[in-house]
Amino acid sequence: MQLLALLLVLASGITVTGAKADELTFELRIERGQLPPNKRLIRIKQGDVVKLRWSSDRSIALHLHGYDIERKVEPGVVEEMTFTARATGRFPVQEHQARSGASHTHGAPIVQVEVLPR
């Protein structure tokens, strides 16, 4: 009977997926410009809704590459980056460092966000 039901679904052209997107929150505390070693790689799956909650011991401007999200984090304040993980690959979060004029540079990656295919 289960086989018959599966064949009917397949014949109708309906797509059945067992993979459900997750809603994930990561608490990330930057001290002296770094995260603890166990928080420097975040692995998620494509389609997940992700919330990165940032706090820092100093003012810092952060940029999540690939998703082009920027946040300025001030001491004592939690800032959030929320996004749906649509693009797969590895995306660094780096500090934006001001230069003279309107340009900026990036520091070393603070964390790598790795989005795996579902």
Side-chain angles (χ1 to χ4, degrees):
M1 189 63 160
Q2 290 176 346
L3 179 59
L4 178 60
L6 178 60
L7 289 173
L8 287 173
V9 168
L10 292 174
S12 70
I14 297 172
T15 303
V16 178
T17 60
K20 180 181 176 250
D22 291 325
E23 292 184 18
L24 304 169
T25 300
F26 298 89
E27 302 289 338
L28 302 167
R29 171 89 179 139
I30 301 170
E31 292 187 13
R32 293 182 292 284
Q34 295 186 348
L35 290 173
N38 66 334
K39 297 221 176 180
R40 293 183 189 162
L41 175 62
I42 294 174
R43 283 195 173 111
I44 57 178
K45 292 194 175 165
Q46 190 174 24
D48 287 347
V49 177
V50 180
K51 186 181 296 186
L52 304 178
R53 292 178 41 87
W54 295 97
S55 61
S56 179
D57 60 351
R58 65 176 174 87
S59 294
I60 187 169
L62 300 173
H63 180 204
L64 171 58
H65 292 269
Y67 289 88
D68 203 25
I69 300 172
E70 297 181 34
R71 293 291 181 273
K72 183 158 184 162
V73 182
E74 297 292 341
V77 178
V78 174
E79 287 292 333
E80 294 182 356
M81 291 179 174
T82 302
F83 63 99
T84 300
R86 289 184 176 34
T88 59
R90 269 199 180 190
F91 306 97
V93 176
Q94 293 176 293
E95 179 179 5
H96 269 190
Q97 299 169 336
R99 290 174 60 183
S100 59
S103 67
H104 68 272
T105 60
H106 292 103
I110 293 173
V111 66
Q112 292 279 347
V113 177
E114 185 175 60
V115 183
L116 303 169
R118 188 157 295 276

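Being a predicted model, the structure only gives us computed values, none of them experimental. Counting begins at 1 with the first residue of the sequence.
In this structure, Val49 stands alone, with no Ile, Leu, Val, Met, Phe, Trp or Tyr side-chain heavy atom under 4.5 Å from its own, directly or through other members. Leu41 shares a hydrophobic cluster with no other residue; no ILVMFWY side chain has heavy atoms under 4.5 Å from its own.
Considering only residues two or more places apart in sequence or on other chains, Phe91 meets the ring pair (Phe, Tyr, Trp, His ring centres under 6.0 Å) condition with Tyr67. With sequence neighbours excluded, the residues satisfying side chain to side chain contact (heavy atoms under 4.5 Å, CB included) with Asn38 are Pro36. Under the rule for a side chain to side chain contact (heavy atoms under 4.5 Å, CB included), the partners of Arg53 that lie at least two apart in sequence or sit in another chain are Thr25, Glu27, Lys51, Val78, Glu80.
Between the side chain of Asp22 and the backbone N or O of Asp48, no donor-acceptor pair lies under 3.5 Å. In this structure, Gln46 contributes its side chain and Arg86 its backbone to a donor-acceptor pair below 3.5 Å. A distance-only check finds no donor-acceptor pair linking the side chain of Arg71 to the backbone of Leu62 [under 3.5 Å].
Between atom CZ of residue Arg58 and atom CD of residue Glu74 there is a gap of 11.0 Å, rounded to the nearest 0.5 Å. One finds the NE2 atom of His63 at 5.5 Å from the NE2 atom of His106 (value rounded to the nearest 0.5 Å). Atom CD of Glu70 is separated from atom NE2 of His65 by 8.5 Å, given to the nearest 0.5 angstrom.
The stretch residues 37-46 participates, sequence neighbours left out, in these salt bridge (Lys or Arg N to Asp or Glu O under 4.0 Å) pairs: Arg43-Glu114.
Put simply, the side chain of Phe83 reaches to within 4.5 Å of the side chain of Val113, judged on heavy atoms. Taking 4.5 Å as the limit, some side-chain heavy atom of Ile110 sits within range of a side-chain heavy atom of Trp54.
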- Start with the C-alpha gap between Ile42 and Leu28, add the side-chain angles, then the distance that decides, and say whether side-chain contact (heavy atoms from CB on, under 4.5 Å) holds. CA-CA 11 Å; Ile42 294 174; Leu28 302 167; 4.0 Å; yes
